[in-house]
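Residue indices begin at 1 and follow the sequence shown.
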Amino acid sequence: MQSLLGLVHKPAAELVPGELFRFSLNSAAGSSLAILLQMSSDGDPLFGMLSSPEFNNPLTWYGGDSNDHCLSYGTEWLLDERPGPETAPGNSYQQNANVKLFVDRQATVIKFTPPSGFTHQAINFDLVAGKVGHQISNRAAPIARWAIWASLDQYNSPRAKELFEYPPKADA
């Protein structure tokens, strides 16, 4: 048997920065898709929420629990950049709050905003280095549309659909 997605069940404590996974904050609400951003010094994970029935906004950070049960896609997932007219180094379009992906020098950065009601700042996650805190330069190229696939095989499959698309399509 071969599994196209290769999902692996593991606790959040075993995730590594940059790992893509599904988990449930509330079993009645459905699953959330997230990326592990970092582990705190006390072992609690910081999740970059891509989509979740628990949050109104996509791309929100969330302080998780090391005991959260996850289904991991691993770290070899695929970012499908879909450049548009805004995608040029130093384009002033980067000031648009809806743009969340930037290609900078030696970095591809996703910006995660704080959950509603929090006054903390946004968290920038460098997908190349697998680290939080990248300062987006004024020469970064913004990308307004992009998607995430579980793997290159899934992307190449004629029957597959991306796991996440940004901006999310409005509910019909």
Side-chain angles (χ1 to χ4, degrees), residues 5-81 94-137 140-151 162-168:
L5 298 179
L7 290 168
V8 175
H9 191 279
K10 59 170 71 172
E14 293 179 11
L15 298 172
V16 297
E19 194 162 349
L20 180 69
F21 61 96
R22 288 195 176 280
F23 79 114
S24 180
L25 289 169
N26 173 350
S27 60
S31 72
S32 299
L33 183 65
I35 298 171
L36 179 69
L37 303 180
Q38 71 179 12
M39 289 292 198
S40 70
S41 58
D42 61 355
D44 285 328
L46 180 63
F47 299 153
M49 307 298 290
L50 297 171
S51 64
S52 174
E54 302 290 332
F55 297 100
N56 292 332
N57 299 357
L59 304 175
T60 298
W61 57 259
Y62 170 77
D65 185 286
S66 60
N67 294 317
D68 287 333
H69 295 280
C70 306
L71 283 175
S72 173
Y73 293 95
T75 57
E76 298 298 318
W77 48 273
L78 180 73
L79 175 66
D80 176 12
E81 301 99 332
Q94 68 182 334
Q95 300 305 316
N96 183 330
N98 293 325
V99 173
K100 303 290 185 178
L101 181 68
F102 302 88
V103 176
D104 212 346
R105 293 183 178 164
Q106 286 95 34
T108 300
V109 180
I110 296 179
K111 181 179 280 197
F112 293 95
T113 57
S116 295
F118 280 72
T119 58
H120 303 307
Q121 294 184 350
I123 294 175
N124 296 335
F125 184 71
D126 179 351
L127 295 168
V128 176
K131 294 182 180 178
V132 299
H134 181 86
Q135 293 292 349
I136 298 170
S137 78
I143 299 179
R145 295 185 51 227
W146 47 280
I148 290 179
W149 299 79
S151 66
E162 63 271 350
L163 296 173
F164 175 76
E165 184 176 36
Y166 189 84

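Contact of the Pro167 side chain with the Asn98 side chain is not registered, since no non-hydrogen atoms from C-beta on lie closer than 4.5 Å. Side-chain atoms of Val132 and Trp61, non-hydrogen and from C-beta on, never get closer than 4.5 Å to each other. Between Tyr166 and Leu101 the shortest side-chain heavy-atom distance does not fall below 4.5 Å.
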If you apply the rule side-chain contact (heavy atoms from CB on, under 4.5 Å), what do you find for Phe102 with Asn124, and how did you get there? CA-CA 10 Å; Phe102 302 88; Asn124 296 335; over 6 Å; no
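Thr113 contributes a side-chain N or O that, together with a main-chain N or O of Leu59, makes up a donor-acceptor pair within less than 3.5 Å. Listed for the Trp77 side chain is a donor-acceptor partner under 3.5 Å among the backbone atoms of Gly18. Without hydrogens or angle criteria, Asp104 side chain to Ile136 main chain gives no donor-acceptor distance under 3.5 Å.
With rounding to the nearest 0.5 angstrom, the CE atom of Met49 is 11.0 Å from the CD1 atom of Ile35. The distance from the OG atom of Ser52 to the CZ atom of Phe47 is 11.0 Å, given to the nearest 0.5 Å. Atoms CG and CH2, from Leu163 and Trp149 in turn, are 8.5 Å apart once rounded to the nearest 0.5 Å. Atom CD of Gln38 sits about 9.5 Å away from atom OG of Ser41, to the nearest 0.5 Å. Here the CD-CG distance, from Glu81 to Leu79, works out to 4.0 Å after rounding to the nearest 0.5 Å. Of the inter-residue distances, the one linking Asn57 atom CG with Lys100 atom NZ reads 7.5 Å to the nearest 0.5 angstrom.
Shown here for His69 and His9, the closest heavy-atom pair between the two residues is ND1-CE1, 3.7 Å. When all heavy atoms of Phe112 and Phe125 are compared, the closest pair comes out as CE1-CB, 4.1 Å. Closest approach of Gly30 to Ser24, counting heavy atoms only: O-OG, 3.5 Å. When all heavy atoms are compared, the tightest approach of Pro142 to Ala140 is CD-O, 3.5 Å. The minimum heavy-atom distance between Pro11 and Ser66, with the atom names listed, is CB-O, 4.0 Å. In terms of heavy atoms, Pro45 sits closest to Asp65 at CD-C, 3.5 Å.
With a 6.0 Å radius and a threshold of 12 heavy atoms from other residues, nucleotides or ligands, Lys10 has its NZ atom above the threshold.
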